[in-house]
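Start at 1 and go down the list; that is how both ligands and their atoms are numbered.
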Amino acid sequence: MTLISMVSAKGSPGVSTTLLACALTWSAPVLLAECDPAGGALLSGYLSRYELPADRGILPLAGAALRGIAPQELAGQLIDLDGDKRERMALPGLADPAQSASLEPAWLALGMFFASLGPVVLADCGRLAAPHPPLALLRQSDLVLLAVRPRSLRTLSPAVPAIAALRRELAEANVPMGLVLVGGGSSGREVARHLMAPVVGEVAWDPKTAAALCGQGRGRRRGPLMRTASGLRERAAAAIAAHAGQTTVPQPAAR
Ligand SMILES: Nc1ncnc2c1ncn2[C@@H]1O[C@H](COP(=O)(O)OP(=O)(O)O)[C@@H](O)[C@H]1O
Ligand SMILES: [Mg+2]
């Protein structure tokens, strides 16, 4: 019943790594959906040591969503991130970015479908400035997070137009947005003041765990990245609840 999407402004601040760490640490059930128009990262990264079918994922599910049969098709498109417990599932993204245009008509239906599911859905939406960003899916989200690396206030400048664009895109649908800081540098308070946007959470700079999550090296399930990603769940839930509280229409008092 909760769709949380994450995007980046420019560069590769760590959207895919952060969301994978979240999917592996959040209390289950959770579904990581690779909606990045530039292509998925899981099959060639974290899951690369397994022989997995390459024909599953967002593309066939998009076709099913347009035909109104996504609920029946979903299970067959997923890969279990956790053996075969079916609690931490992943929907692999596009194998070829050239297919992103064909997803465009399906983002609304996919967003509505994800938002209706029981598990929390974490949507990796890639770069906002990429061709064919999944804007209609962002508008169906309960929270949109912009990942940034806050090495210094100066390096945050690409986030300024991205925040403005997100605010424009999300205003009518009244979807809250916030920042996730990947790694250290400027403090959350400084970044929030500088960018005039709330900081929902921070994840630790942890190259060893990040490399393991990209399929290089093993383990480090207890590294700082995993611990801080796990904490994002409560922070995201609090941001969603705060927004709902602010925007609830007051009921007239009973007479
Ligand atoms: N918290 C982190 N600590 C250290 N390195 C990270 C972290 N998050 C991501 N990285 C590294 O940064 C690079 C880009 O990460 P990725 O998640 O693919 O970014 P994006 O999805 O935003 O393009 C990868 O090499 C990844 O290992
Ligand atoms: Mg990515």
**Prompt:** Would you say Gly183 touches ligand 1, if touching means a heavy atom closer than 4.0 Å?
**Reply:** no
**Asked** Out of curiosity, does Val199 fall in the hydrophobic cluster containing Leu153 (side-chain heavy atoms, cut-off under 4.5 Å, transitive links)?
**Response** yes
**Asked** Do Ser27 and Arg233 have side chains that get closer than 4.5 Å, going by heavy atoms?
**Response** yes
**Request:** Do me a favour and list the nearest non-hydrogen protein atom to atom 20 (P) of ligand 1 with residue, atom name and distance?
**Result:** Val15 N, 3.5 Å
**Asked** Looking only at side chains, do Thr2 and Asp142 share a donor and an acceptor under 3.5 Å apart?
**Response** no
**Prompt:** Gln99 side chain to Leu59 main-chain N or O, any donor-acceptor pair under 3.5 Å?
**Reply:** no
**Asked** Does some non-hydrogen atom of the protein lie less than 4.0 angstrom from atom 25 (O) of ligand 1?
**Response** no
**Message:** With nothing but distance in play, are any N or O atoms of Val203 less than 3.5 Å from an N or O of ligand 1?
**Reply:** no
**Asked** Looking only at heavy atoms, is any part of Val182 under 4.0 Å from ligand 1, and if so is it the side chain, the backbone, or both, or is it neither?
**Response** side chain
**Numbering as shown, the atoms of ligand 1 that approach Leu225 to under 4.0 Å (heavy-atom distance)** = 1 (N)
**Request:** For residues Ile79 and Leu43, determine if any side-chain heavy atom of one lies less than 4.5 Å from a side-chain heavy atom of the other.
**Result:** yes
**Request:** Give a yes/no verdict on whether any heavy atom in Arg149 is under 4.0 Å from an atom of ligand 1.
**Result:** yes
**Prompt:** Which residue and non-hydrogen atom of the protein lie closest to atom 6 (C) of ligand 1, and at what distance in Å?
**Reply:** Ala210 CB, 3.3 Å
**Prompt:** With a 4.0 Å cut-off on heavy atoms, does Ala204 reach ligand 1?
**Reply:** yes
**Prompt:** Between Leu78 and Met89, which heavy-atom pair has the shortest distance, and what is it?
**Reply:** CB-CE, 3.7 Å
**Nearest neighbour in protein (non-hydrogen) for atom 23 (O) of ligand 1** = Ser12 OG, 2.6 Å
**Item:** Residue portion contacting ligand 1 (non-hydrogen atoms closer than 4.0 Å) for Ser8
**Value:** neither
**Asked** Can you get from Val200 to Val7 by hopping between Ile, Leu, Val, Met, Phe, Trp and Tyr side chains that sit under 4.5 Å apart?
**Response** no
**Message:** Regarding Arg149 and Thr155, do their side chains bring together a donor and an acceptor under 3.5 Å, going by distance alone?
**Reply:** no
**Prompt:** Judged by atom type as modelled, is there a donor-acceptor pair below 3.5 Å linking the side chain of His132 to the main-chain atoms of Ser102?
**Reply:** no
**Asked** Does Ser16 put an N, O or S atom under 2.8 Å from the Mg ion (ligand 2)?
**Response** yes
**Prompt:** Is there a heavy atom in Asp206 that sits closer than 4.0 Å to ligand 1?
**Reply:** yes
**Message:** Starting from Leu32, can I reach Leu137 by hopping between I/L/V/M/F/W/Y residues whose side chains sit under 4.5 Å apart?
**Reply:** no
**Fill in**
Cys214 heavy atoms within 4.0 Å reach ligand 1 at atoms 26 (C), 27 (O)
**Fill in**
protein heavy-atom neighbour closest to atom 15 (O) of ligand 1 works out as Thr17 OG1, 3.5 Å
**Asked** So, does Ala41 sit close enough to ligand 1 that a heavy atom of it is under 4.0 Å from the ligand?
**Response** no
